Amino acid sequence: MATTIESPRTPYSVPRKRGVNWEKWGWIYMRASGVLLIILIFGHLFVNLLLGEGIKGIDFGFVAGKWANPFWQVWDLLMLWLAFIHGGNGMRTIVNDYATRPLTRKILLGAILFSVVAEIVLGTVVIFAFDPCPAGSPADLLPSFCPVNQ
Amino acid sequence: MPENSAGTMTPRRPAGTLYRGREGMWSWVLHRITGVAIFFFLLVHVLDSSMVAVAPGAYNAVIDTYKNPIMGLGETALVAAIVFHAFNGIRIILIDLWSKGAKYQRVMFYVVIGLWVVAMLGFAPRHLINVFSEMGH
Ligand code: HEM
């Protein structure tokens, strides 16, 4: 069969695959989540590290107090999901750029997927299921709204 | 134009890409490095925060390690990385979506650096004073 060489800059046309264009949605997601993450992360850093005595003021009572408020629960939940999916997808791009052996790539992509899923599940459970007033804990470690401090 | 061994001319500034050389490339390198650093910190940060579900004392013990001066310097570096990644992220979005974005990418890089300096002047002194005052408290 004779091979024809196209002239340079001939538009490259591959028949489009049918179905969802995941890479396109990934690209859009990186940008949309990035914009939201600026608000979420800057707010997070401002409230936790700049207000009051900053990092010196962070302890169990501080965190339990924040998560007693649905506003901060939703804030942190959004930050958790958006950041891990954004970061995980970004790490996927980087692995695809540098890992040339198929096995290395599979292992690294698997490790990213596993850690992202595990951390999202763990974080979600902790935000909603932890007990701000665990029985038997020293009262001075607990937030002021706990029964032992009333 | 330098001539390479194949005898072809290579333009010093390749046309059609802003990711090769100078501001366009170095901003990309920094964006990549900061993205990876933030990702690994986030893995640790969710684990340390999860200690609230173990016991109040366990959480306090782990968060206290964040209050020592060495960690304080690390936290400042981490915030510097996040702030750069965030502002440069906006720059990337503008390059892709704004019709004049590619044309102004170099200007926008210096705007990113300027905003980053301002943000860090607001953050670093305050955080470092918090960390270094009453050391050992
Ligand atoms: C603060 C708000 C943030 C903004 C505005 C932002 C923006 C962006 C943008 C626009 C990209 C480029 C995506 C592409 O080229 O398709 C990107 C890549 C990336 N981001 Fe973010 N991001 C933010 C936060 C984060 C966080 C919290 C993490 C880590 C958990 C992260 C990790 C990454 C990684 C690993 C990449 C891939 C870098 C590369 O391919 O060179 N980013 N980010």
Side-chain angles (χ1 to χ4, degrees), chain A residues 27 30-35 37-39 41-42 44-46 49-64 67 76 79-80 83-84 86-88 90-91 93-94 97 112 115-116 118-120 122-127 129-134 136-138 140-143, chain B residues 31-64 66-68 71-72 75-76 78-79 82-83 85-90 92-94 96-97 119 122-123 126-135 137:
Chain A
W27 186 93
M30 290 306 274
R31 281 142 188 84
S33 62
V35 172
L37 280 168
I38 294 198
I39 302 164
I41 294 177
F42 281 28
H44 177 76
L45 292 172
F46 187 78
L49 296 182
L50 291 179
L51 291 185
E53 36 171 4
I55 195 161
K56 283 275 160 73
I58 301 182
D59 57 12
F60 181 85
F62 176 87
V63 180
W67 286 344
D76 287 358
M79 200 160 55
L80 175 76
F84 263 118
H86 176 108
M91 294 295 285
T93 304
I94 296 175
D97 277 357
I112 292 167
S115 42
V116 165
E119 296 252 346
I120 287 181
L122 174 68
T124 304
V125 169
V126 168
I127 291 174
F130 99 104
D131 180 359
C133 309
S137 300
D140 59 330
L141 297 186
L142 299 182
Chain B
H31 199 82
R32 194 155 260 204
I33 294 173
T34 52
V36 173
I38 303 164
F39 181 78
F40 280 108
F41 168 72
L42 189 57
L43 291 176
V44 177
H45 189 44
V46 169
L47 293 180
D48 64 58
S49 301
S50 296
M51 299 309 280
V52 295
V54 175
Y59 181 78
N60 288 350
V62 70
I63 203 70
D64 277 347
Y66 279 93
K67 298 174 188 174
N68 89 51
M71 290 294 276
E75 289 141 27
T76 310
L78 197 77
V79 169
I82 294 175
V83 172
H85 189 98
F87 290 164
N88 191 58
I90 301 281
I92 296 174
I93 295 171
L94 288 172
D96 291 341
L97 299 179
F123 177 81
R126 172 128 197 170
H127 184 64
L128 292 175
I129 288 169
N130 280 334
V131 168
F132 280 89
S133 64
E134 342 158 46
M135 268 166 58
H137 137 99

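All of these numbers come straight from a predicted model, not from anything done at the bench. Proteins come first, then strands; the chains are lettered A, B, ... in the order of their sequence lines, and each starts at number 1.
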- Among Ile127(A), Leu45(A), Ile58(A), which residue forms the greatest number of heavy-atom pairs with chain B at distances under 4.5 Å? Ile58(A)
- Message: Can you confirm whether Phe130(A) sits close enough to Met51(B) that some side-chain heavy atom of one is under 4.5 Å from a side-chain heavy atom of the other?
- Response: no
- Sort Ile90(B) into side chain, backbone, both or neither according to what part of it lies under 4.5 angstrom from a heavy atom of chain A. side chain
- Task: Count the heavy-atom pairs under 4.5 Å between each of Val116(A), Leu37(A), Leu141(A), Leu50(A) and chain B, then report the option with the highest count.
- Result: Leu50(A)
- Item | Contact origin within Phe84(A) toward chain B - heavy atom pairs under 4.5 Å | both
- Query: Is there a side-chain contact between Ile93(B) and Met30(A) (heavy atoms, below 4.5 Å)?
  - Reply: no
- Under 4.5 Å from a heavy atom of chain B, the part of Leu80(A) involved: side chain
- Interface moiety of Val79(B) toward chain A, non-hydrogen atoms closer than 4.5 Å: side chain
- Message: If I measure from the heavy atoms of chain B, does Val125(A) come under 4.5 Å with its side chain, its backbone, both, or neither?
- Response: neither
- Task: Identify the heavy atoms of Leu51(A) and Arg126(B) that sit nearest to each other, and give their distance.
- Result: C-NH2, 4.4 Å
- Message: As a quick check of understanding, evaluate side-chain contact (heavy atoms from CB on, under 4.5 Å) for Val46(B) and Ile120(A), giving each step before the final call.
- Response: CA-CA 9 Å; Val46(B) 169; Ile120(A) 287 181; over 6 Å; no
- Okay, Leu142(A) and chain B: the region with an atom under 4.5 Å from a heavy atom over there is side chain
- Within-4.5 Å side-chain heavy-atom neighbours: Phe60(A) and Ile63(B): no
- Item | Main-chain N/O of Asn60(B) paired with Asp59(A) side-chain donor or acceptor, under 3.5 Å | no
- Message: Less than 4.5 Å apart, side chain to side chain, heavy atoms only: is that true for Trp67(A) and Val52(B)?
- Response: yes
- Message: Counting only non-hydrogen atoms closer than 4.5 Å, does Ile55(A) touch chain B with its backbone (N, CA, C, O), its side chain (CB onward), both, or neither?
- Response: both
- Query: So do Ser49(B) and Val63(A) actually touch side chain to side chain, heavy atoms under 4.5 Å?
  - Reply: no
- Closest heavy-atom contact between Val126(A) and Ser50(B)? CG2-OG, 3.7 Å
- Stepwise side-chain contact (heavy atoms from CB on, under 4.5 Å) test for Phe123(B) and Leu49(A): CA-CA 9 Å; Phe123(B) 177 81; Leu49(A) 296 182; 3.8 Å; yes
- Which pair of heavy atoms, one from Leu42(B) and one from Glu119(A), lies closest together, and at what distance? O-OE1, 3.8 Å
- Query: With a 4.5 angstrom heavy-atom cut-off, which part of Ile38(A) approaches chain B: side chain, backbone, both or neither?
  - Reply: side chain
- Contact leader toward chain A among Asp96(B), Leu47(B), Ile38(B), where contacts are heavy-atom pairs under 4.5 Å: Asp96(B)
- Going by heavy atoms in the side chains, are Asp97(A) and Arg32(B) under 4.5 Å from each other? yes
- Message: Is the shortest side-chain heavy-atom distance between Pro56(B) and Pro134(A) below 4.5 Å?
- Response: yes
- Query: What residue, out of His85(B), His45(B), His127(B), has the most heavy-atom pairs lying under 4.5 Å from chain A?
  - Reply: His127(B)
- Interatomic distance, CZ@Arg31(A) vs CG@Leu94(B), rounded to 0.5 Å, equals 11.0 Å
- Per-residue contact mode, Ile41(A) against chain B (heavy atom under 4.5 angstrom): side chain
- Query: So with a 6.0 Å cut-off around CZ of Phe40(B), is the heavy-atom count from everything else above 12?
  - Reply: no
